[in-house]
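Report on one structure; see the data block that follows.
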Number of protein chains: 2
Amino acid sequence: MKKTTGTGDTSGTNATSGSGDIGRSLELLWGTGDRPSRGPKPGLTLDRIVATAVGIADAEGMDAVSMRRLSTELGTGTMSLYRYVPGKAELLDLMLDRVQGEPLDAVGTREPVDWRAAVESMARTHLGLLRRHPWLLKINQARTVLGPSAVRGLEVSLAGIKGMGLRDAELISVIIAVQSFVVGIARMEAESDEAAKETGLSHEDFWDGQRPYLERAMASGEFPLMAALSEDAFSTGFDHFEFGLRRLIDGFETLVAERAGE
Amino acid sequence: MKKTTGTGDTSGTNATSGSGDIGRSLELLWGTGDRPSRGPKPGLTLDRIVATAVGIADAEGMDAVSMRRLSTELGTGTMSLYRYVPGKAELLDLMLDRVQGEPLDAVGTREPVDWRAAVESMARTHLGLLRRHPWLLKINQARTVLGPSAVRGLEVSLAGIKGMGLRDAELISVIIAVQSFVVGIARMEAESDEAAKETGLSHEDFWDGQRPYLERAMASGEFPLMAALSEDAFSTGFDHFEFGLRRLIDGFETLVAERAGE
DNA sequence: CTCATCAGGGTACGCCGTACTCAATTATGT
DNA sequence: ACATAATTGAGTACGGCGTACCCTGATGAG
């Protein structure tokens, strides 16, 4: 995704730092944004660019976010964007950190009542975020571990589960387990929606379309257990998120009780 | 991702079926592949195309899989591929189903010993698959729920956890919970690797690069809990997959015990 | 043998990210 | 006040992508 040009030399023009992209990303993320003293005032702001990009992604998905499209939306030339952002990858990093800040504004770092409630809230908040911005799933999150919003989010999460009485590495692991589960669920949902939108087929039409193939397979006798499943096993009435979350919390409970008993 | 041309009319040339893509995918997935009687013999096979595409993706990632690249690898013209596959999306579906079949060949549908072992095996197998083919994470899996390999995999999974004594919808939910968790973990790993490869920075260099920003944030006093974390909280020595899997199984155990007690 | 049928490949179009160039603008030093 | 150095923003161009369209040949049924 990085070397699309083929001519190489992605970080040669940037005189400020020879380190590459990630340093630039961090600088933009944490940076103060002080302008140079000489020259005309910029007609845009980083904030406006990122906000607009997020708007496009929310409305039409990540694929719609291109530098040309973004510049059109902003009423500027395409290349002007590169005055503010070194490349598209860095723009994505900024988009990521921006929306990650959303839930934090509402929550604040209030005292946690109970770690179970905290875990639940963490999962629900995260899932809500991913549902609101499904394009988040298409951005490499490993890059921006250390944006301001990510750090704040981690702090809030830690505050919630501190009371579990686990070792530090285990607390991190709890967070990772919950986030992993949530991401997995969100991914399923997002992909389902995406597929529905792309093919123009609704959920029901989709399943109806599969039915003949499925039925032939079931009739073959090769899949006895699947054939024996009741009709509503795949029904949309069952909330797989709630189910999984409950199990996960129960699992944590077991560990916490175990530790307390020793 | 579908309407890249802008001229519209994505499914007009195909005389065989006006239904669109998904029907065509299923046909390729389950179909018998009978050739027409007239005309020259095809120089390629669907199998060879898909296998080559998988090879490229394994070696160089999903981005390297383009129709041009694939055709070069196969020694044919680019457009020839469209004789075998209606479009790239369908090719991805086929790639997905192909690698999903891998673990099944080894396992077989032997009698399950214990549902705990089955869940563990399910998770480990899936994680292994995703580690071997990280590009799987970039393919929309919702589309191909019903490829032959997917159906077989589901059957095997069901066989393993049947003994839990849960309702059908709950069994599905168990599978979904485990797979979601595994996908989440795999995604973290893959993104980490990808970021490392793209930036050319190793894991350590990456963290060292962040350190100044992090330390400034910690020094600000805004994040007391994070600042208080021990050094090794993020150490690579802790296996987050094992931890989460253990909790998940414990959580299932709680439910199973609950049901048995009633 | 004829010819309908079908495989294969070339060309072209509209997207994409972005390197490079250059005129216009502006704050500072004199 | 003015000259100057710095910076902006727009234009152009390149190499990639997926794929629509069309033409060339090979094939086997009648």
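Just so it is clear: chains get the letters A, B, ... in the order the sequence lines come, proteins before strands, and each one is counted from 1.
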### Task
For B:R69 and D:dT19, give me the distance from atom CZ to atom C1', rounded to whole Å.
20 Å
### Query
Atom OH of B:Y84 and atom P of C:dC6: how far apart are they, to the nearest Å?
14 Å
#### Entry: Whole-Å distance separating the OH atom of A:Y82 from the P atom of C:dC16
11 Å
### Query
Taking B:K88 for the side chain and B:V65 for the main chain, is one N or O donor matched with an acceptor at less than 3.5 Å?
yes
### Query
Can you list the residues that meet the side-chain hydrogen bond (donor to acceptor under 3.5 Å, both in side chains) rule with B:S66, with sequence neighbours excluded?
none
### Query
Would you say the side-chain atoms of B:S192 pair up with the backbone N or O of B:M188, donor to acceptor, closer than 3.5 Å?
no
### Summary
Separation of D:dA10 atom C1' from A:M67 atom CE, nearest Å, is 15 Å
### Summary
Here the gap from B:D93 atom CG to B:N140 atom CG, rounded to the nearest 0.5 Å, amounts to 8.0 Å
### Task
Specify the separation, in whole Å, of atom CD1 of B:I49 and atom C1' of C:dG8.
12 Å
### Task
Check the distance between D:dA20's P and B:K88's NZ and give it to me in whole angstrom.
14 Å
## Note on the structure
Taken in chain and number order and not counting sequence neighbours, the residues that satisfy salt bridge (charged side-chain N to carboxylate O under 4.0 Å, His left out) with A:D47 are A:R98
### Task
Scan side-chain atoms only and decide if B:Q141 and A:R187 contain a donor-acceptor pair under the 3.5 Å cut-off.
yes
Restricting both atoms to N or O, compile the protein contacts to nucleotides 9-12 of chain C shorter than 3.5 Å, with distance only.
residue, atom, partner, partner atom, Å
C:dG9, OP2, B:G77, N, 2.7
C:dG9, OP2, B:S80, OG, 2.6

### Task
Starting at atom CG of A:L81, determine the distance to atom C1' of C:dT18, rounded to an integer number of angstrom.
11 Å
